[in-house]
2 protein chains.
Amino acid sequence: MATIRDVAREAGVSIATVSRVYNQTSLVSEPTVLHVRAVAARMDYWPNGAARSLITNRTNALGVLLPDLYGEFFSEVIRGIDLAARREKYQVLVSSSHSDTEALVAAVRSMRGRIDGLVAMAPDAHSAAAIRGFTRNFPVVLLEPGLEVGECGAISLDNYSGALEMGRHLLGLGHRGIATIRGPLGNVDAEERLRGFLAAFEEAEVPFNESLVIQGDFTESSGFLCAELLLKHRPRPTAVFAANDCMAIGLISALRDAGLRVPQDLAVTGFDDIAIAHYMSPPLTTVRVDAYELGDRAVRQLVPLARGTKGAQCTHEIVPTSLVVRASCGSNQVRSAEAARRRPGGRVMGGEASADIPDAGPREMPS
Amino acid sequence: MATIRDVAREAGVSIATVSRVYNQTSLVSEPTVLHVRAVAARMDYWPNGAARSLITNRTNALGVLLPDLYGEFFSEVIRGIDLAARREKYQVLVSSSHSDTEALVAAVRSMRGRIDGLVAMAPDAHSAAAIRGFTRNFPVVLLEPGLEVGECGAISLDNYSGALEMGRHLLGLGHRGIATIRGPLGNVDAEERLRGFLAAFEEAEVPFNESLVIQGDFTESSGFLCAELLLKHRPRPTAVFAANDCMAIGLISALRDAGLRVPQDLAVTGFDDIAIAHYMSPPLTTVRVDAYELGDRAVRQLVPLARGTKGAQCTHEIVPTSLVVRASCGSNQVRSAEAARRRPGGRVMGGEASADIPDAGPREMPS
DNA sequence: TTGTAAGCGTTATCAG
DNA sequence: CTGATAACGCTTACAA
């Protein structure tokens, strides 16, 4: 592999000149630039990134730490990160699925000297604390952090408002016997969604029966299992808000097995707006969460910090969520929010390439 | 940020000793190791990756180039890559969504000196050729390459066999009026799927009416539009094989609008086995494609090449595909292939985290 | 077992 | 405008 020295020798100039051709071109005479460029191209030369970052102390790369890469959510987060990073001329070093805090710390540590900043989503509070510790090494932006953020930037989803809207919507439809399946204890999303949902009742001065908060764990099967508890409750609730779509899907499945109709016998709603939500029968009323935006904003906030742009500040941004009313809640409201569902920049390419089923508009899934 | 020199000074040893603690620990006396480790930990020192790779000429990182990151397919590919890379102690530098060959080349070029090898999936033939050119810089493994592979390693999906099996299955069910919606011209997957499908007819010595090859483009809407052509064909076909699930979904949607029943009036099958395929009503008969495996194998093949392990060879591996029989083809066959659907290592975590709906077993999607 | 010193490929500084 | 040369933080002969 040709080095700067080879090119300099071959072109009959000093290495400093070759370097300048790639960095401060204006300081080199036009003919020299052209000549060096030509020689470099012929020798297939390109500056070595590692050497470059050693002296400049900048890598032009961002680290990305996610609990997982699989699935609609993370896949979108990382796409948002990737696109924003490219726009800003940054490379992306990813790492995911760390079994424990130790593994996670090791991963970040090994990124040292290779990244100018870090976007991280912690799988738990312990890991979050560890990640915060890296602020001394490079700027950090946390995705969906717990409460206290400290020296880091942070982007979180407006789980609270989304759930609040959902509560208002169900109350607005006249429901009073309303249950909710909450997510796991200690999970930030789960707590906020519950808090927002209950706030709607407070706001409307409608009492909420606490025995109608059922514990779920965000899996489809937990939603399935909740059906039994729900159905034996007296008086039987008329609506259920599941804290995510998976649980709503499990619940609906169980209700159907029990011979109940959704939404006529029981209205069901979810949270996340995963792809299937739109294609189910009945289509699921839920809250749309914009994962792409989460990644995009994180990079937007991180880059100035990474560049050391003066005046760059850590802030805590909130990504809005929005109610998507479909049929499963029994509302006959116009589905205006649907338009927003089209993925920004979603591409369809070869074969199994994309799971992005274009919004079918008024058509529904065959049933 | 503490450097090796700071640690050496603080610990009262030479920098060589500190270095050895991190590389050839065995050459350093136990007490010295402990002492240096302690000082390093206190000073929050960790070797700088860039400096390290400059001298060793190895980066312990792999580059990953994909057309996109979004969607079930790519998301799984990258997960396979990520997990395999971590297992082999490699970091992953990703880059995706390049608008043209130029952008793609620039992306790879900028990885020079930062990676020991490259896993790439080219969006088109032109880009594929460009990527092949990088073989001179580092080992390359191509995903889903075109025909000639040259100096690169390659992993491709067995589109041919999957489609062949599908053809056999439909013929075995007694269908004779069979149509197929093919994917875009020039797309490797599309061509292979068509070729495999037609091979089944040749094998069974059943003539295939070429007017029943309908041109699609892998999008749901193209499947939707094909319905009209299909329905006005005389005699009307009794089965349709769409070259991917998206088109099959669009088609089924259109058929339902036209008042036709699937599979009674027209059997429909797809390819890819995207998540929705299993939850649709009727569940879609399709061909399972293992994207995770694609990524996993690519890294497995690349790592020895990147390490310069002697005897390491470039090969062209084929990832098998498998027929998944569900209801949309009108078969009443046992759904044994279903068991394989569970995602390897699929995790469900917080909130909108995962779109991985656990296989509901015998339960179906509510309808 | 430890230290000294050369050098990885680049950019920055300072002369010319 | 161009060239010599000293860093950058580290690994690795070679010497002690």
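Each chain gets a letter, A, B and so on, in the order the sequences are listed, and its residues count up from 1.
- The number of heavy-atom neighbours closer than 6.0 Å to CG of B/Asp100, taken from other residues, nucleotides and ligands shown, is above 12.
- Side-chain N/O atoms of A/Ser19 include one lying less than 4.0 angstrom from OP1 or OP2 on C/dT11.
- In this structure, the nucleotide among C/dT10, D/dC8, D/dC1 sitting nearest to the side chain of A/Arg5 is C/dT10.
- Among the candidates A/Val77, A/Val64, A/Ile78, the single residue satisfying the side chain to side chain contact (heavy atoms under 4.5 Å, CB included) test with A/Leu69 is A/Ile78.
- Which of D/dA4, C/dC8, C/dT11 sits closest to the side chain of A/Arg52 comes down to C/dT11.
- Checking the phosphate oxygens (OP1, OP2) of C/dG9, no side-chain nitrogen or oxygen of A/Thr3 falls inside 4.0 Å.
- Between A/Asn23 and C/dT11 there is a side-chain N or O to OP1 or OP2 distance below 4.0 Å.
- Taking side-chain N and O atoms only, B/Thr17 has no distance below 4.0 Å to OP1 or OP2 of C/dT2.
- Residue B/Ile55 places its side chain closer to C/dG7 than to any other of C/dG7, D/dG9, D/dA4.
- End-to-end axis angle of the helix from C/dT1-D/dA16 to C/dG16-D/dC1, from C1' rotation axes over five pairs per end: 40° (rounded to 10 degrees).
- The side chain of B/Ser29 approaches C/dT2 more closely than any other nucleotide in the set D/dC8, C/dT2, D/dG9.
- Comparing A/Val33 and A/Asn57, the nucleotide of DNA chain D nearest to each residue sits closer to the 5' end for A/Val33.
- Residue B/Thr56 places none of its side-chain N or O atoms closer than 4.0 Å to OP1 or OP2 of D/dT11.
- At the phosphate of D/dC10, OP1 or OP2 sits under 4.0 Å from a side-chain N or O atom of B/Tyr45.
- Along DNA chain D, the nucleotide nearest B/Trp46 and the nucleotide nearest B/Arg20 are compared for position; the residue whose nucleotide lies closer to the 5' end is B/Trp46.
- Both B/Val13 and A/Ile15 sit near DNA chain C, but only B/Val13 has its closest nucleotide nearer the 5' end.
- For the pair B/Glu144 (side chain) and B/Asp189 (backbone), a donor-acceptor distance under 3.5 Å is absent.
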Show, in sequence, the C-alpha distance, side-chain angles and deciding distance for A/Arg132 and A/Glu151, and conclude whether the side-chain contact (heavy atoms from CB on, under 4.5 Å) test is met. CA-CA 8 Å; A/Arg132 274 197 201 91; A/Glu151 314 248 294; over 6 Å; no
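- Here A/Ser53 does not reach the OP1 or OP2 of C/dT10: none of its side-chain N or O atoms lies under 4.0 Å away.
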Please test A/Tyr22 against A/Tyr45 for ring pair (Phe, Tyr, Trp, His ring centres under 6.0 Å), starting from the C-alpha separation and ending with a verdict. CA-CA 11 Å; A/Tyr22 287 88; A/Tyr45 167 78; 5.6 Å; yes
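- A distance of 4.0 Å separates CD in B/Gln91 from OG in A/Ser110, rounded to the nearest 0.5 Å.
- Backbone-only contact: B/Thr32 has heavy atoms under 4.0 Å from sugar-phosphate atoms and none from a base.
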